[in-house]
Structures are given as C-alpha cells and as structure tokens.
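Notes follow the structure.
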Amino acid sequence: MTKLFGVIGDPISHSLSPLIHNAWFREHGIDADYRGMQVPAGELAHALEALAREGCKGLNITLPHKEDALRLSDEQGDIAQRLGAANTLVRTKSGGWRAENTDAPGFALALQNENVDLAGKSVFILGAGGAARAVALSLSDLGANLTICNRTIAKAEALAELVTSPCTVLSLDDGLTKLATADAVINTLSIGHSGASLDLPSGNDRLFFDISYGKAADEILRSAKTNGWQIADGLSMLVAQAAYSFEFWFGILPDTASALKRCRAAVEATQ
Ligand code: NDP
C-alpha cells in the first residue's frame, strides 16, 4: 500500500518539499506519496491524530508548528531538544511520534557544500528568529565566533544563551555598521519577503549566505554580489534538511545535487 508522508504548515502551497521527496521516493523505488498539508496554528494535535489513523509514517513540520511538534511528540532527538523545535516527525514502533530537527545539520551540510570552513572565524548572524536558532546552533557546534544582530535585542540575547561558542549580541543597526569585521555573514532576516534589501559594505570575496531563496533573497543577494561578496542562497539548506529527514525515515541519505537542480529550476520558473 502507498505510504503517506507530507509537510504540515500554514501557509504551505509554496513548499518545495513535495517536489524534493516525491522524486527521491521514485529514485529509491519507495511506494509513498508526499503531500503539502495546510493546518492552521493550534490544530497540529488533531492533524497528527488523523494522520496516525491514516497510517502516515513521517512528516516535516514548518511554520507555525515547530514548537508544538516537539511538545506533542513522545520521543525527542538531541538537536530538537536543544532548539526547542522540531521539523521532522517519525512514527515510532509503539505508534507515537519521535521529533527530530534537521535544520541545524542541514545548514552545516549546505555550508560544507560552499567549501567554507568557519571554525574559529568571526560570523555575523543577522536575525534571531526560528531559523536563526538552527543556524546559530550549527555554527556554534562548528566552533565559529558568533555575533548575533537583531532588531529585537531580547531575542538575540535569548539565542546567545543557546550557543556554547563565544558570542556577542548587537542591535541590527549596530551589527550592520560592523560587517567589515566579519569573516562571513549569514542572513536569516525575513525582510526579503517584502522586497527590502540591505546596505552592505564591500565584501572582498567573503561569504554572504542568505538562508532565504527565490524572490525573498533576490534583492539582498543582488546587493551583496554587486558589493563583492561570495553569495549563497538557502536552497541548499532546504534540500539538505530534507535529505536528513529522508534519512530519518528510511535510513538512506539521498542525492542532494539532483534535488537542488530540480528546486532551482522550479524557483526560476516562478520568477
Ligand atoms: P522568524 O519570523 O522566526 O524571524 C524573522 C527574523 O527577521 C527576526 O529576526 C525578525 O526580527 C527579523 N525581521 C522581520 N522583519 C523585520 C524588519 N522589518 N526589520 C528588521 N528585522 C526584521 O522567521 P524564520 O527565522 O522562520 O525565517 C527567516 C527566513 O529564513 C525566512 O525568509 C524563511 O523563508 C527562511 N528560511 C529558510 C529555510 C531554509 O531551509 N532555507 C528554513 C527556514 C527559514 P525581530 O526578532 O526583531 O522580529
């Protein structure tokens, strides 16, 4: 019987995850169907009960449900516990859900694919939202020296508590004036979704990694490239976190290069 998988979020129609996972199912001869599932905030528990009854084996979880997914799970992986949020659920043998978080290792793999080693380097993280937590944890585990810059300082301070490597907190405005001192910049701000950009100094071939992609990253990455930064967008992180989810479900790490090509083509087709 065809097994059911999917991603739960709201909104969800934009998600590239069905494209990624259904292709991997075909590549690996797995009889399964991966769907986008729109579930409003506060309704994850009902959705999980219904999906368990339908025999669902695994799920990805995105906004606004990542914290609820951790809370509602029966078992939690180490990274999900440290981040306080889960993006992957795996059905357990006893019929419950095990929560994992693949955003942090996904970001680490995406960095590795850029051939940059940020151990001991000064890395500025712009933003302190949910995705910044995964980025900060990943960079901290890699041994980078972090500067977290955020409009709401209290959120940057809370994020600094999570990391174990040296960490400074700045307001976003202060941080943007000090980017000349960074070895690399990771932008996790969501401002690109409304077309906003950033005023960046000269990059001198340093890495500017925007974890957004498509239209949400266009203006900012264009500005970074014009100013001489080595740029990367968030599609490789998206594909890498998906690959680790697939590994949790099937014990196989799938091919990320072909998935990245498919995603890039899909994003370009909508621009
Ligand atoms: P959050 O809403 O949790 O965080 C948004 C961040 O942007 C906060 O730091 C917020 O600051 C800041 N921000 C928003 N508006 C403004 C503004 N007008 N001026 C200054 N700062 C602002 O979002 P996420 O962390 O979940 O996502 C961030 C981005 O990362 C999104 O574009 C998302 O699409 C992308 N993403 C990519 C992933 C991938 O796999 N590639 C995975 C997850 C997310 P404040 O705290 O002050 O509100």
Side-chain angles (χ1 to χ4, degrees), residues 7-17 19-21 41 60-69 79-80 83-88 101-111 113-114 124-139 146-160 162 169-177 185-199 208-221 231-246 256 259-260 263-264 266-267 270:
V7 56
I8 294 183
D10 189 13
I12 204 62
S13 59
H14 67 288
S15 175
L16 291 168
S17 296
L19 175 75
I20 297 172
H21 285 286
N60 285 126
I61 306 292
T62 188
L63 287 178
H65 301 298
K66 289 185 175 184
E67 287 83 9
D68 283 351
I79 299 174
L83 287 173
N87 77 330
T88 304
N101 195 308
T102 65
D103 285 331
F107 177 71
L109 182 58
L111 264 188
N113 291 341
E114 293 300 322
F124 276 47
I125 299 175
L126 307 182
R133 290 175 72 80
V135 166
L137 190 75
S138 174
L139 287 167
L146 301 180
T147 302
I148 302 172
C149 316
N150 199 43
R151 176 179 63 176
T152 310
I153 282 277
K155 279 168 75 178
E157 285 168 349
L159 177 48
L162 185 78
V169 166
L170 295 176
S171 71
L172 181 59
D173 288 344
D174 268 1
L176 289 172
T177 66
V185 176
I186 316 296
N187 181 34
T188 74
L189 300 171
S190 56
I191 59 170
H193 287 278
S194 51
S197 192
L198 289 171
D199 197 9
F208 185 95
F209 190 130
D210 195 322
I211 68 159
S212 296
Y213 48 84
K215 286 190 185 116
D218 266 2
E219 281 306 314
I220 293 172
L221 286 179
I231 59 167
D233 72 4
L235 270 185
S236 55
M237 176 181 173
L238 178 82
V239 170
Q241 61 78 30
Y244 286 129
S245 294
F246 192 92
T256 51
L260 186 55
C263 287
R264 201 159 293 292
V267 166
T270 60

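Read the numbers this way: they start at 1 and go in the same order the structure lists the ligands and their atoms.
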- Message: Please compare Ile211, Asp233, Thr62 and report which has the shortest non-hydrogen distance to atom 38 (C) of ligand 1.
- Response: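 It is Ile211 whose heavy atom sits nearest to atom 38 (C) of ligand 1.
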- Query: Taking atom 47 (O) of ligand 1 as the point of reference, which of Ile148, Thr152, Val135, Asn187 owns the nearest heavy atom?
  - Reply: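 Nearest heavy atom to atom 47 (O) of ligand 1 lies in Thr152.
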Does the side chain of [Y] come within less than 4.5 Å of [X]'s, by heavy atoms?
| X | Y | answer |
| --- | --- | --- |
| Phe208 | Ile220 | yes |
| Ile8 | Ile12 | no |
| Leu198 | Leu126 | yes |
| Leu189 | Leu172 | yes |

Show me which atoms of ligand 1 lie under 4.0 Å from any heavy atom of [X].
| X | result |
| --- | --- |
| Ser212 | 29 (C), 30 (O), 31 (C), 32 (O), 35 (C) |
| Thr188 | 28 (C), 29 (C) |
| Leu238 | 40 (O), 41 (N) |
| Lys155 | 45 (P), 46 (O), 48 (O) |

Any nitrogen or oxygen of [X], side chain or backbone, less than 3.5 Å from one on ligand 1?
| X | result |
| --- | --- |
| Gly130 | yes |
| Gly127 | no |
| Gln241 | no |
| Ala128 | yes |
| Ile191 | no |
| Lys66 | no |

- Query: At under 4.0 Å between heavy atoms, which part of Leu172 makes contact with ligand 1: side chain, backbone, both or neither?
  - Reply: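 Looking at Leu172 and ligand 1, just side chain atoms fall under 4.0 Å.
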- Item | Residue part near ligand 1, for Leu189, under 4.0 Å between non-hydrogen atoms |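 Within the 4.0 Å criterion, Leu189 contacts ligand 1 through backbone and side-chain atoms alike.
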Would you name the heavy atoms of [X] and [Y] that are closest together and state the gap between them?
| X | Y | result |
| --- | --- | --- |
| Thr62 | Gly9 | CG2-CA, 3.7 Å |
| Cys149 | Phe124 | SG-CD2, 3.8 Å |
| Ile148 | Ala128 | CG2-CB, 4.3 Å |
| Tyr213 | Leu16 | CE1-CD1, 4.0 Å |
| Val267 | Gly214 | CG1-CA, 3.5 Å |
| Ala134 | Asp103 | CB-CB, 3.6 Å |

- Whether Asp103 lies under 4.0 Å from ligand 1, heavy atom: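 Per 4.0 Å heavy-atom rule, Asp103 does not contact ligand 1.
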Please report which non-hydrogen protein atom sits nearest to [atom], along with the residue it belongs to and the distance in Å to one decimal place.
| atom | answer |
| --- | --- |
| atom 43 (C) of ligand 1 | Ala131 CB, 3.8 Å |
| atom 9 (O) of ligand 1 | Asn150 OD1, 2.7 Å |
| atom 19 (N) of ligand 1 | Arg151 NH1, 3.6 Å |
| atom 7 (O) of ligand 1 | Ser190 N, 3.2 Å |
| atom 34 (O) of ligand 1 | His193 NE2, 3.3 Å |
| atom 42 (C) of ligand 1 | Met237 CE, 4.3 Å |

- Task: Mark yes or no for whether Asp210, through its side chain, and Leu221, through its backbone, hold a donor-acceptor pair below 3.5 Å.
- Result: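 Not confirmed, Asp210 side chain does not pair with Leu221 backbone.
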- Message: For Asn101, is there any backbone N or O sitting under 3.5 Å from a side-chain donor or acceptor partner on Lys66?
- Response: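 Not confirmed, Lys66 side chain does not pair with Asn101 backbone.
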- Distance-only side-chain donor-acceptor flag, Ser245 / Asn60, under 3.5 Å: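 Checked: Ser245/Asn60 side chains pair up, N/O donor to acceptor below 3.5 Å.
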- Query: Would you say atom 3 (O) of ligand 1 has a protein heavy atom nearer than 4.0 Å?
  - Reply: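 Given the 4.0 Å cut-off, atom 3 (O) of ligand 1 counts as touching protein heavy atoms.
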